[in-house]
2 protein chains.
Amino acid sequence: MPRQQGASPSSTKAATLHDVARVAGVSLITASRALTKPSLVSDTTIERVQAAVQATGYIPNLLAGSLKSSRSRLIAGLVPALSVAQFLPTLQALTDVLDAAGYQLMLGQMRYDNSRQDALLNAMISRRVDGIVVTGLIGSEAVRRQVGQLGIPVVETWDLPENPTDMVVGFSHTAVGRAVAAYLVGKGYGRIGLATGDDHRAQLRRQGLLAGLGREVPTATVPAPSSLALGRRALGELLQQDPALRAVACSADQLAQGVVVEALARGLRVPEDLAVCGFGNADFSAHTVPTLTTVRVDGAAIGRRAGEMILARCRGETVPDRIVDVGFAIAQRESA
Amino acid sequence: MPRQQGASPSSTKAATLHDVARVAGVSLITASRALTKPSLVSDTTIERVQAAVQATGYIPNLLAGSLKSSRSRLIAGLVPALSVAQFLPTLQALTDVLDAAGYQLMLGQMRYDNSRQDALLNAMISRRVDGIVVTGLIGSEAVRRQVGQLGIPVVETWDLPENPTDMVVGFSHTAVGRAVAAYLVGKGYGRIGLATGDDHRAQLRRQGLLAGLGREVPTATVPAPSSLALGRRALGELLQQDPALRAVACSADQLAQGVVVEALARGLRVPEDLAVCGFGNADFSAHTVPTLTTVRVDGAAIGRRAGEMILARCRGETVPDRIVDVGFAIAQRESA
DNA sequence: AGCGTCGATGTTAACGTTGTCATTTCAAGA
DNA sequence: TCTTGAAATGACAACGTTAACATCGACGCT
């Protein structure tokens, strides 16, 4: 099939709604309504228009429609990186909710970089997204003002700030840190270490952990994204700081898995010699040997709620609960 | 900050290029050019326009621009699911290449479902994407015709069909299967089993493996997406089929990791009692105990090449090599 | 001096759709 | 019969931008 390359889009121009209307023998606007607001048009006309669509091979131009109606049916979704498995259930649920309402998610990567976040948000706003869902918070005050002026609904997620830009669905990371501290102390582990990522939310959990313990702890900080390899390295660093370490709290299950692997490789038993607690309840965490004790967060619920809130605002409704706390729970398994 | 909810987009309407031009004291088109084609405008005018942009808080409307210029600077990227780690390096590289050229990637999930793929492609085409990159192949003949008629460049990836829709960057999955067969046979493993996903490309690798071995093998087929848990289950099934199994080929490193975990849990040594070979060279594969022998594919190269080819065609150039084979290599480690 | 050329700017007309208001038709109620 | 209203359709004008062509000096060249 020697397909034509380059600019020339083949002989005839693409069909527009004009062509459909002409073929169907109705006016332009009636053709438009038959396709987008069928309740306003008689059944026979709808059939004629749909036949004309088939005949002409018409593909609607959403650029034109969005421009005129100033509704793009496009929602911006911003994540630090696609490779952060943490946020996948959220994205999945968000996509599902939006999809069911005929909206499309436009994904962007911020790369833990505030200037990137700004540029990305500007690009999204330039495309006139109807709403924005961002994991974490919007850093730039300028962007906050912009979305406020343009009336674009925003949901910040996976955090629980006191002053959200607009709406927020998440949970308290410092509370997670305190809960992990309480759990490990309750289990009787005295010497606790921390293997943590360097992102903002992981640091909040760290603060919570320290507050809960009431003291500093040996800490290995690794760059994003968390991985098994970084977990192994982190345990090495921690054992150098305190060879008698009895437990390690981790900012991600990937790190926890690495810590376990490294511990076993060094001949330490888990949890008898070293207890390990993760965060996020990754898909593998219940199936490793030993299974991983971790913090369970309902990422899908975050995505679902965020999508519903955005959609409600797109319909012009007022959202009563603009701050939603989905909470968390410690999933007790074998490793701690 | 009691932010205004609902429809009302605050008092004044958003600034348009008209406003910018008026404030800058130039004509509309000069303002447009100052922002998009600075080489055509004098430096002093550019400064005046940029000052006016600041003063008015202007945010360009890409819907309008794209409509008129019929170039959206939007590329569709279709993956089976976001959760398939396999394709992340490809997406990452693709995003980077497009980003550098001022293009944006619009991601869509097909969910291993051909009707979904159709609907998604139609939605993308309706938004007038300038190009399409899809992992796997375009199934629908109707969509193939559409993109052909509209002159939208398409790159199919991660496969190497004889008749691509337009362009293709990938490798031969049957060749992978044969290579794995040769490798395992060369190592002297007699009784070989297969733990595989049910997607099309995994089945191609299966065929290659069988062709290479010249016989059927015990097979455990698991549903997508592959995971550690499914790998554990698969090994259980395989050992039921052949308790004396000596090696397992897997269609993903996640499965291989699960097979290893299950084997160790059953007291089998890897690779002495059971050899395991994965596919994809995931980030963790070089760091597990034992390290995973797997098939390395340069996913980033696929994304890079795909992006470059799309961009070239967007610039109106003709791409000489429309079929690119990036090949693969077996990464020999401890598990096989 | 006259010519073409180039750089800088402007005028006009779209791109393809939908919001708004107007018109027609027909059935039901007074 | 006339009014009223709803259902169905249409005419027109946008939405905000850029392509295409036009204009107008200034400059260098023959």
Side-chain angles (χ1 to χ4, degrees), chain A residues 7 9 12-49 52-53 56-74 102 125-130 150 316, chain B residues 7 9 12-49 52-53 56-74 102 125-130 150 316:
Chain A
T12 60
K13 303 201 103 182
T16 74
L17 206 47
H18 277 97
D19 304 315
V20 173
R22 189 166 32 72
V23 170
V26 297
S27 75
L28 179 62
I29 188 67
T30 300
S32 169
R33 281 197 279 249
L35 296 176
T36 59
K37 295 171 181 169
S39 63
L40 296 179
V41 178
S42 73
D43 291 350
T44 60
T45 304
I46 291 180
E47 277 173 36
R48 284 228 308 276
V49 170
V53 167
T56 54
Y58 170 70
I59 302 175
N61 187 327
L62 247 51
L63 293 178
S66 300
L67 173 61
K68 177 58 187 167
S69 66
S70 49
R71 293 216 310 23
S72 63
R73 294 186 165 276
L74 212 50
I125 295 173
S126 285
R127 296 195 190 273
R128 293 302 188 262
V129 291
D130 289 339
L150 292 172
Chain B
T12 60
K13 302 201 109 184
T16 74
L17 206 47
H18 277 97
D19 304 316
V20 173
R22 189 166 33 71
V23 171
V26 297
S27 75
L28 180 61
I29 189 65
T30 300
S32 171
R33 281 197 278 250
L35 297 176
T36 57
K37 295 170 181 171
S39 64
L40 297 179
V41 178
S42 73
D43 291 350
T44 60
T45 305
I46 290 181
E47 278 174 34
R48 285 228 307 276
V49 170
V53 167
T56 54
Y58 170 70
I59 302 174
N61 187 327
L62 247 51
L63 292 177
S66 301
L67 174 60
K68 177 58 188 165
S69 67
S70 50
R71 293 212 303 50
S72 63
R73 296 186 163 273
L74 211 51
I125 294 173
S126 284
R127 296 194 190 275
R128 294 300 188 262
V129 291
D130 289 341
L150 292 172

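Worth saying up front: this structure is predicted, and the values here are computed from it rather than measured. Each chain gets a letter, A, B and so on, in the order the sequences are listed, and its residues count up from 1.
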Distance, rounded to the nearest Å, where [X] contributes [atom1] and [N] contributes [atom2]:
| X | N | atom1 | atom2 | answer |
| --- | --- | --- | --- | --- |
| B/L67 | D/dA19 | CG | C1' | 12 Å |
| B/R127 | C/dT17 | CZ | C1' | 14 Å |
| B/L17 | D/dT17 | CG | C1' | 7 Å |
| A/L63 | C/dA14 | CG | C1' | 15 Å |
| B/L28 | D/dA20 | CG | C1' | 15 Å |
| A/L35 | C/dT18 | CG | C1' | 12 Å |
| B/N61 | D/dC15 | CG | P | 12 Å |
| A/R71 | C/dT18 | CZ | P | 10 Å |

Those residues that, when tested against B/R71, pass side chain to side chain contact (heavy atoms under 4.5 Å, CB included) (two or more places apart): B/S69, B/R73, B/D130
Hey, could you give me the [atom1]/[atom2] distance between [X] and [Y], rounded to the nearest 0.5 Å?
| X | Y | atom1 | atom2 | answer |
| --- | --- | --- | --- | --- |
| A/S66 | A/R127 | OG | CZ | 12.0 Å |
| A/L67 | B/K68 | CG | NZ | 12.5 Å |
| A/I46 | A/L40 | CD1 | CG | 9.0 Å |

Out of B/L17, B/V20, B/I59, B/D19, which one pairs with B/V53 under the side chain to side chain contact (heavy atoms under 4.5 Å, CB included) rule? B/V20
So A/H18 and A/L28, side chain to side chain contact (heavy atoms under 4.5 Å, CB included) or not? Walk me through it. CA-CA 6 Å; A/H18 277 97; A/L28 179 62; 3.8 Å; yes
What's the shortest heavy-atom distance between B/V23 and B/A52, and which atoms? CG1-CB, 3.8 Å
Between the base of D/dG10 and the side chain of A/R33, is there any donor-acceptor pair under 3.5 Å? yes
Taking the side chain as every heavy atom from C-beta outward, state whether B/N61 and B/T16 have any atom pair closer than 4.5 Å. no
Measuring from the side chain of [X] (C-beta onward, heavy atoms only), which nucleotide among [options] has the closest atom?
| X | options | value |
| --- | --- | --- |
| A/T30 | C/dC15, C/dT11, D/dT9 | D/dT9 |
| B/V26 | C/dT18, D/dT17, C/dG10 | C/dG10 |
| B/S69 | D/dG16, C/dG19, D/dT18 | D/dT18 |
| A/I29 | C/dG10, D/dA11, D/dA19 | D/dA11 |

Between B/T44 and B/K68, which is nearer to the 5' end of DNA chain C once each is assigned its nearest nucleotide? B/T44
May I ask you to say what A/L62 touches in the nucleic acid, namely base, sugar-phosphate or nothing, with a heavy-atom cut-off under 4.0 Å? nothing
Considering every strand and a 4.0 Å limit on heavy-atom distances, what is the contact class for B/S66: base, sugar-phosphate, or nothing? nothing
Taking only N and O in the side chain of B/K37, is any of them less than 4.0 Å away from OP1 or OP2 of D/dT18? no
Can you see if the side chain of A/S70 gets near the phosphate of D/dC15 - specifically, an N or O under 4.0 Å from OP1 or OP2? no
Review item, nucleotides 4-8 of chain C N/O atoms under 3.5 Å of protein N/O:
none

